[in-house]
Visitor: 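Handing you this structure, nothing more for now.
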Amino acid sequence: MSIVGKSEIRVDAYDKATGRTKYYEDRMPPDALYVRIRHSEIAHGIVRSVDTTEAEKIKGVVKVLTCFDAPEIDFPTAGHPWSMDPEHQDVADRRLLNTHVRYYGDDVAVVIAEDEVAAMQGVRAIKVEYDPLPFVLDPQKAMEDGAPQLHEAYEHNILKHTSIRKGDYENAIRESGLIRVEGWYETPTVQHCHIENHGCFAYEENGRITVVSSTQIPHIVRRVVGQAIGRPWADVQIIKPYIGGGFGNKQDALYEPLCAWCSTQVGGRPVRIDCSREETFVSNRVRHAIRFHITSWIRKDGSMAARKVDLFSNQGAYASHGHSIVAKAMGSFPQLYPCDNMECDAYTVYTNLPAAGAMRGYGMPQASFANDSNIEECAHAIGMDPVEYRNRYIMPQGFEDGFSKNVNYYDSHRECLEKGKELIDYDRKVREFANDKGPIRRGIGCASFWYNTAVWPIALETSSNRMLLNLDGTVTMQCGETEIGQGADTAFSQMAAEAIGLKSYRDVHVVSCQDTDVTPTGLGAYASRQTYVAGFSIRQTAELLKQKIFAYANKLTRQSVDNMEVRDGNVVRKSDGKVLISLSELAMTAQYNQQDSEHITAESTFTIKNNAYSFGCTFAEVEVDIPMCKVTVKNIVNVHDCGNLINPALAEAQVHGGMSMAIGYGLSEQLLFDPKTGRPLNNNLLDYKLSTVLDHPDLEAAFIENPEPTSVFGTKALGEPPACSGAPAIRNAIYNATGVALYKLPMNPHNLFAAFTEAGLIRDPWQEG
Amino acid sequence: MSQYKLIRCTINGKEVERMIDVRASLTDLLRNDFHLTSVKKGCEVGECGACNVLIDGECYNSCIYLAAWADGKNIRTLESLTGPNGELSDIQQAFLEEAAIQCGFCTPGFIMTAVEILETGKLYTRDELRKLLSGHLCRCTGYENILNAVEKTMKRRLGMPTE
């Protein structure tokens, strides 16, 4: 392979560096009307009335629509492939506008106006009267008898409860001499914070409706818009331009259905919805806050005799991706540190908070924090070095998961741990830091993570691809997998150039913009699946394209198709390498041949019936200022086995971004809500502490390239994995530095103050009186 | 006070005049009237840095800078860096080569702050560069390669080795 595996410059980098790349707002029709949303100002209640009189009087206001005007259609929003089995379809609990408001920020009414100022004035002029209901913000409180009920069909607000039973837990814990290592681990609500807020615009054309949206999943959004507004799915066209990041928030139908409906209410005129940052934080999606209760029973040698894990996932007000996130989190426990006797129970529970959906890692940053914190305590309990403990008890080579059929073909975990250890100079630092006894102490820690690539066998995995041979011998390619900033288009270009036999990845023109009217159906960017799944359809379609090329070349050269291959953009005779015809000459001849004209194209769909493990770890070195309750990350290294790298420079960049997100998750990020009202308190980028460049040390990414046997290009998940193990590695480094085990993210001064006070490291004069 | 006002300013080297809504931000003016799409909106309250432009050589979040204040000013956006035949400036090229671009939404703002830094002609330490770039938020890159691109361009301009 010569093109795959090289650090090529991104295909979209030039346009992005010059500012000419068009995002949804840069494609806005100049006559688009502004839709602005009136959000609920209570956490739970019934809308008694909406008075639109004053709003309608405002100059420029075209129409005001309320929850009493919206169709009574319940629809699902999750960016999952449709399931033909009703049992496996996503929960349809959403309406365009709501009379029963379930969180502070729910959608009650909209104002459609000629300009933004009028739309916003209109929103303020609407008078909403509510019958407030009691509300609940905590998942375990929401499960109690008598708790406020959010959705009628879900008793005790439990959206779903699933379990894992393995061996005999109750019997196993009777073994004598077991050490019990127990803890509650708590993760916060955080938000994706892509720099481009979600937005979209919609209009009708020839009786059909078009939505141009900042989304990761155009084909899925087409289905959801059709469902939500009660139109045949094929009546809907979704266009996805370049987007300014997504991280899972845009793996959901957000405001596309409402935008489409608003257009239909003003005669199909173009309308736009542009979320403000404040709305993005609250009225899009957030990461599930999950609380874990882990009880591990270990023997004196550290081996795990039995383990019990309870997971309580805060779903917020609507199902969105629902239970699949905590189910994935739970599924990692029996695999990452295998144990013969396990009882796991996962609950997804509705509360009166913003709806939680997909976010980079899909439950794994949460699970990794809980699991690798508990594992760290297990190591401490028997006095074993934590890396050594992991090396002994982490998923071994050859481990096979019965459900996904995934196999740990190599000794990935241990290889990653060993490399991480070496890169951060672990052994020396452990010895050196042990001497720190003063107010400022250094520490080092690590954490591993478990991840899957793609969603098979839980859901459909499919990838479609179309290739057109251009007259200059280049190839135009369309795929349903989307570029959302991660560099997918570049990886696809490299894979296609390699599979066809072109000279350069620049000879493949990926049509970056998906248009569901013309783009072959694909499912979009999620589950770290795209490079893996697109690989199958790219290879298959390239083979079909080459068959057509060879068939035409045979007519022109009379050489055997079996003795042909494409090399550097030419059809060559395999046996001696002689150039038979260049692709450009072949394409020109085929296109303009008066007797036998052919536009050489190929298209195919590949159904993927595989999945692949993707593993790695983080090592972090911290300096803890105990009196200041402040943690500084001094060094951090991520090591990944994501198979073969398609583009090492982009892979490294992808890891940096995930590490940054993990540092924020560990140390500073948390969306706060007023416990008395459910009102969001810091839904802006000033008060929500996203890491800046000042909050990081240099980020180091390293790889173990074990080729994935199931993958065409030997590659597997890298999109989400970098965000998984950073927070627990920092947590374990703080533990190493101070001896204080932390159980709650973020590990900000506020939470450290409480923990250090409790541990007696600092004194709280106010408590002492 | 009238709601509209005539302003004259220089945008990317060209003298222009426009009637502006006194409530409009400079972001609105640049995007809507001059189609300078490099000026991005990420928060519209001066938190993220995506709308950053140079005004008389100094960086400002154009979302919290009124269009009315631009009267008499010299404004530069990312579009000004690209040559007449599409040639990239050194800092843009460095962003390409260092893989410092992902979704691209924060990129224009970062590059314009880099221009401000580079135009001082000073040598900054990596930590100083961090401080100078800290007014920008990026969720894709972890800032690592952005910092590398700026540092390398700074050193190249000063004739220093970059490795």
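Given the structure is predicted, the values throughout are model-derived calculations rather than measurements.
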Visitor: At a heavy-atom separation under 4.5 Å, does A:T21 approach chain B through its side chain, its backbone, both, or neither?
Guide: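 Interface part for A:T21: backbone (N, CA, C, O).
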
Visitor: Check for a donor-acceptor pair, side chain of A:K16 on one end and backbone N or O of B:Q102 on the other, with a separation under 3.5 Å.
Guide: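 Looks like yes, one N/O pair under 3.5 Å.
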
Visitor: Could you look at A:P697 and say if it's the side chain, the backbone, both or neither that has a heavy atom under 4.5 Å from chain B?
Guide: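 Interface part for A:P697: backbone (N, CA, C, O).
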
Visitor: Could you tell me which portion of A:E25 (side chain, backbone, both or neither) has an atom closer than 4.5 angstrom to a non-hydrogen atom of chain B?
Guide: both

Visitor: Report which part of A:N684 has an atom under 4.5 Å of a heavy atom belonging to chain B: side chain, backbone, both, or neither.
Guide: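 Contact with chain B involves both backbone and side-chain atoms of A:N684.
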
Visitor: At a 4.5 Å cut-off on heavy atoms, which part of A:I484 comes close to chain B: side chain, backbone, both, or neither?
Guide: backbone

Visitor: Which bit of B:I111 is near chain A, if near means a heavy-atom gap under 4.5 Å: side chain, backbone, both or neither?
Guide: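 Interface part for B:I111: side chain.
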
Visitor: For B:T37, is it the side chain, the backbone, both or neither that has a heavy atom under 4.5 Å from a heavy atom of chain A?
Guide: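 Answer is both: backbone and side chain atoms of B:T37 are under 4.5 Å from chain A.
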
Visitor: What part of A:V655 gets closer than 4.5 Å to chain B, counting heavy atoms only: side chain, backbone, both or neither?
Guide: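 For A:V655, neither part sits under 4.5 Å from chain B.
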
Visitor: Please state whether the side chain, the backbone, both or neither of A:L686 comes within less than 4.5 Å of a heavy atom of chain B.
Guide: both

Visitor: Examine whether an atom of B:A50 lies under 4.5 Å from a heavy atom of chain A, and if so say whether it belongs to the side chain, the backbone or both; otherwise answer neither.
Guide: side chain

Visitor: Checking A:M659 against chain B: side chain, backbone, both or neither under 4.5 Å from a heavy atom?
Guide: neither

Visitor: Under a 4.5 Å heavy-atom cut-off, does chain B meet the side chain of A:Q654, its backbone, both or neither?
Guide: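 A:Q654 touches chain B through backbone and side-chain heavy atoms alike.
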
Visitor: Given a strict heavy-atom distance threshold of 4.5 Å, which part of A:F247 is in contact with chain B: side chain, backbone, both, or neither?
Guide: side chain

Visitor: Against chain A, work out which of B:C106, B:S89, B:G86, B:G49 has the most heavy-atom pairs shorter than 4.5 Å and name it.
Guide: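 If we count pairs closer than 4.5 Å to chain A, B:G86 comes out on top.
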
